[in-house]
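Quick note: residue numbers are just sequence positions, from 1.
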Amino acid sequence: MDKKTQSIVAYITIIGWIVALLQYNNGKDAAVRFHLKQSLGVMILGLALAVAVTVLTAIVPVLGYLAYANILVLILWILGIINAANGAQKPLPLVGGLAEAKLNFF
């Protein structure tokens, strides 16, 4: 699998992220590492947002419209895939800088 494909696959669910991580360990590339971090940041944001919205709507049901905030995660996911397909290493809005700074374990 080439580096561009690894970068794109990193954004496709947690299974794709694991496959891209395993391929990254075979031949370490800075672009793939960057997109692994960005996609993990988007996944963590999506999970945290889903939990927060679920808890808030369980407490105050009228806040059910907050579920539309998940569209933000979809937009970030699409931006990440576009950046990976173009070979760009631009940090994603909201999570890009934080993911680059905090996710240094691989």
Side-chain angles (χ1 to χ4, degrees):
M1 190 177 332
D2 66 338
K3 306 304 178 197
K4 186 183 229 182
T5 306
Q6 288 177 19
S7 297
I8 294 170
V9 168
Y11 288 96
I12 303 173
T13 72
I14 191 70
I15 295 171
W17 189 85
I18 292 170
V19 168
L21 179 65
L22 292 173
Q23 289 292 317
Y24 166 76
N25 287 333
N26 291 338
K28 300 188 186 276
D29 182 59
V32 176
R33 182 174 188 253
F34 177 82
H35 288 291
L36 281 167
K37 287 181 181 183
Q38 297 292 303
S39 64
L40 185 59
V42 171
M43 286 183 224
I44 291 170
L45 174 69
L47 181 64
L49 189 61
V51 169
V53 167
T54 302
V55 169
L56 282 173
T57 56
I59 296 170
V60 184
V62 76
L63 295 177
Y65 65 88
L66 288 177
Y68 292 115
N70 286 321
I71 293 173
L72 172 71
V73 176
L74 176 66
I75 291 169
L76 291 175
W77 177 69
I78 291 170
L79 284 174
I81 291 174
I82 290 171
N83 285 342
N86 291 335
Q89 292 187 23
K90 297 187 313 189
L92 295 172
L94 300 176
V95 297
L98 189 62
E100 196 62 30
K102 301 291 182 187
L103 301 176
N104 289 323
F105 55 86
F106 53 88

Indicate yes or no: at least one non-hydrogen side-chain atom of I14 is less than 4.5 angstrom from one of I18. yes
Smallest separation among heavy atoms of G97 and P91, with atom names: N-CB, 4.2 Å
Hydrophobic clustering (ILVMFWY, side-chain heavy atoms < 4.5 Å, transitive) - are L40 and L22 grouped together? yes
To the closest 0.5 Å, what do you measure between OG (S39) and CG (L103)? 9.5 Å
Going hydrophobic residue to hydrophobic residue with side-chain gaps under 4.5 angstrom, can you get from L47 over to I15? no
Apply side-chain contact (heavy atoms from CB on, under 4.5 Å) to R33 and N104, showing your working. CA-CA 10 Å; R33 182 174 188 253; N104 289 323; 4.0 Å; yes
Distance from N83 atom CG to I8 atom CD1, nearest 0.5 Å? 11.0 Å
For residues 54-103, which residue pairs qualify under ring pair (Phe, Tyr, Trp, His ring centres under 6.0 Å), counting only residues two or more places apart or in two chains? none
Evaluate the criterion side-chain contact (heavy atoms from CB on, under 4.5 Å) for residue pair I71 and I75; output intermediate values, then yes/no. CA-CA 6 Å; I71 293 173; I75 291 169; 4.0 Å; yes
Look up atom CG in L79 and atom CG in L74, then write down how far apart they are to the nearest 0.5 Å. 9.5 Å
Linked, directly or transitively: L98 and V42 (ILVMFWY side chains, under 4.5 Å): no
Which pair of non-hydrogen atoms, one from A31 and one from S7, has the smallest distance, and what is that distance? O-OG, 3.9 Å
Look up atom CG in L92 and atom CD in Q38, then write down how far apart they are to the nearest 0.5 Å. 4.5 Å
Can you find a pair of side-chain heavy atoms, one from L56 and one from V60, that are under 4.5 Å apart? no
Would you give the length of the straight line joining atom CG of L21 to atom CG of N26, rounded to the nearest 0.5 angstrom? 10.0 Å
Among the clusters formed by ILVMFWY side chains lying less than 4.5 Å apart, do I59 and L49 turn up in the same one? yes
Qualifying ring pair (Phe, Tyr, Trp, His ring centres under 6.0 Å) pairs with a residue from residues 22-46, counting only residues at least two apart or across chains: Y11-H35
Are L72 and V95 joined in one hydrophobic group, where the rule is that I, L, V, M, F, W and Y side chains link up if heavy atoms are under 4.5 Å apart? yes
Atom pair CG (L36) and CG (D29), whose distance is rounded to the nearest 0.5 Å: 10.0 Å
